[in-house]
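Notes follow the structure.
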Amino acid sequence: MPETTPSVDLDAYFRRIGWEGPLRADTATLRGLHLAHARAIPFENLEALRLRAPSLDPDDLMAKLVHSRRGGYCHEQNLLFSYVLEALGFRVTRLAARVILGADRIESRPRGHMILLVTAADEPRPYLADVGYGAAGALLEAVPLVAGTELHDAGRRHRFVHAPHGGPLELWVLEAYDRAGDEWVAQYAFTLEPFELSDYEVFNWEVSTNPRSPFTRRLFAQRTTSDGHLLLDGRLLTETGADGTVRKRELADDAEVRQVLDADFGIAAPDAVTL
């Protein structure tokens, strides 16, 4: 384990995600852990609704994401996942991406989304891991970082392409296949420049306290299930089936939002949060 890796309670983490598989630093374990985490720990921004930056301290990450019925967003989830992977012997490089889903051009969005480049003992190629994106186009399993090849991860389809830009490093773009629209949709763009924990502290503060951040203005909760994806955007609940079919309904009030968060997302919303 690298000296800089904080100690985390691996047994508690494995119980949280329901992992009973091997603990080798190989690609099969990486993909299995990634899928188990993605299905077990929901995406949510409840702290940001109070204009509070969620703590990135390892003990606080464990308390919130592992020992409580809560979730978190990218910095929390991927940071915790990186500590687990490093403890198992994987080599992890922390990166930062621009989320460009819905953007007219790549440069219009700032960097701020945390992703992980992971190298396993049995594979020289690095893999991209990201358990903190949450969206219907998110990776379910870690995938090899190769351009121009369609990748399959637990029923979803992804690919990496290169995009032109003005910097010296190659710009990678993750695309997800949208069955409903029969098209490839760009999710985020990134280079392989490593980022430090101090960088994520700044990103975390900005996204959770800036009044212009979408995360401080309305509720976002997402959960991946074995048969689809759930998104709660404010009071609009969207259910996407494994076949791409979409159903939407508006929740009535704060009480119904809390009930849906609890029953469908596995999130116990604090009483102090206005939903």
Side-chain angles (χ1 to χ4, degrees), residues 17-19 21 26-44 71-74 77-78 80-82 84-85 90 95 97-103 106 109 113-118 120 123 125-163 172-190 220-233 237-248 264-266:
I17 68 172
W19 180 254
D26 58 21
T27 53
T29 300
L30 171 63
R31 291 172 68 91
L33 286 172
H34 195 292
L35 179 61
H37 183 125
R39 288 179 172 170
I41 304 180
F43 179 101
E44 51 108 322
Y73 57 33
C74 66
Q77 300 228 29
N78 280 323
L80 175 63
F81 194 53
S82 73
V84 171
L85 294 179
F90 292 93
L95 308 178
R98 302 179 192 274
V99 175
I100 56 175
L101 179 64
I106 292 175
R109 297 279 180 82
H113 176 61
M114 184 180 189
I115 56 178
L116 307 173
L117 193 67
V118 183
E123 172 63 74
R125 295 180 303 177
Y127 275 59
L128 190 80
D130 181 5
V131 294
Y133 189 46
L139 293 173
L140 289 181
E141 299 176 310
V143 293
L145 188 68
V146 293
T149 300
E150 185 171 315
L151 305 163
H152 297 261
D153 50 302
R156 291 184 181 173
R157 295 161 61 186
H158 288 89
R159 70 182 184 186
F160 294 109
V161 298
H162 292 306
W172 296 78
V173 177
L174 175 70
E175 296 183 338
Y177 182 73
D178 177 14
R179 291 185 180 181
D182 189 25
E183 60 181 341
W184 289 95
V185 179
Q187 303 296 310
Y188 49 75
F190 60 97
F220 285 99
Q222 304 192 76
R223 183 183 178 193
T224 297
T225 65
S226 59
D227 56 0
H229 179 266
L230 296 175
L231 164 65
L232 186 56
D233 180 349
L237 178 64
T238 301
E239 302 176 63
T240 303
D243 59 356
T245 57
V246 176
R247 295 185 300 171
K248 298 184 179 184
D264 297 339
F265 290 83

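In this text the structure is predicted, and so the values were computed from the model without any measurement.
In this structure, the side chains of Trp184 and Val173 stay at 4.5 Å or more apart for every pair of heavy atoms. Within the 4.5 Å cutoff, the side chain of Tyr188 has heavy atoms near those of the Asp130 side chain. The side-chain heavy atoms of Thr238 and Asp233, taken from C-beta on, include no pair separated by under 4.5 Å. Contact of the Leu231 side chain with the Thr240 side chain is not registered, since no non-hydrogen atoms from C-beta on lie closer than 4.5 Å. Under the 4.5 Å side-chain criterion, counting only non-hydrogen atoms from C-beta, Leu174 is in contact with Leu139.
Considering only residues two or more places apart in sequence or on other chains, Ala176 meets the side-chain contact (heavy atoms from CB on, under 4.5 Å) condition with His158, Gln187. Taking Ala138 as the reference, Tyr133, Arg156 meet the side-chain contact (heavy atoms from CB on, under 4.5 Å) condition, with sequence neighbours excluded. Annotation: side-chain contact (heavy atoms from CB on, under 4.5 Å) contacts of Ser82 (sequence neighbours excluded): Leu79, Val92, Arg94, Leu116. Partners of Arg159 by side-chain hydrogen bond (donor to acceptor under 3.5 Å, both in side chains), not counting sequence neighbours, listed by chain and number: Glu175.
A pairwise comparison of heavy atoms in Ala129 and Phe81 identifies CB-CE2, 4.2 Å as the closest pair. Scanning both residues, Glu123 and Tyr127, for their nearest heavy atoms gives CG-CE1, 3.5 Å. For the pair Thr224 and Ala38, the tightest heavy-atom approach, listed with the atom from each and the gap, is CB-O, 3.9 Å. Shortest non-hydrogen contact noted between Met114 and Cys74 is N-SG, 3.5 Å. Pairing each heavy atom of Gly244 with each of Ala180, the nearest pair is O-CB, 4.0 Å.
Put simply, the side chain of Arg31 gets close to the backbone of Ala142: a donor and an acceptor are under 3.5 Å apart. His113 contributes no side-chain N or O that, together with a main-chain N or O of Ala189, makes up a donor-acceptor pair within less than 3.5 Å. At distances below 3.5 Å, at least one donor-acceptor pair connects side-chain atoms of Asn78 with backbone N or O atoms of Val131. Arg98 contributes no side-chain N or O that, together with a main-chain N or O of Ile106, makes up a donor-acceptor pair within less than 3.5 Å. Checked by atom type and distance alone, the side chain of Gln77 pairs as donor or acceptor with a backbone atom of Pro42 at under 3.5 Å.
Identified under the salt bridge (charged side-chain N to carboxylate O under 4.0 Å, His left out) test for residues 177-190, with sequence neighbours left out: none. Within the structure, salt bridge (charged side-chain N to carboxylate O under 4.0 Å, His left out) contacts touching residues 143-153 (residues at least two apart or in different chains) are Glu150-Arg157.
Atom CZ in Phe265 sits 4.5 Å away from atom CG in Leu230 (nearest 0.5 Å). Of the inter-residue distances, the one linking Asp26 atom CG with Phe90 atom CZ reads 6.0 Å to the nearest 0.5 angstrom. Taken to the nearest 0.5 Å, the OG1 atom of Thr225 stands 7.5 Å off from the CZ atom of Arg39.
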What do the steps show when you test Phe160 against Leu128 for side-chain contact (heavy atoms from CB on, under 4.5 Å), and what is the final call? CA-CA 10 Å; Phe160 294 109; Leu128 190 80; 3.8 Å; yes
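In this structure, Tyr73 and Phe43 have tilted ring planes: the angle between them lies in the 30° to 60° band.
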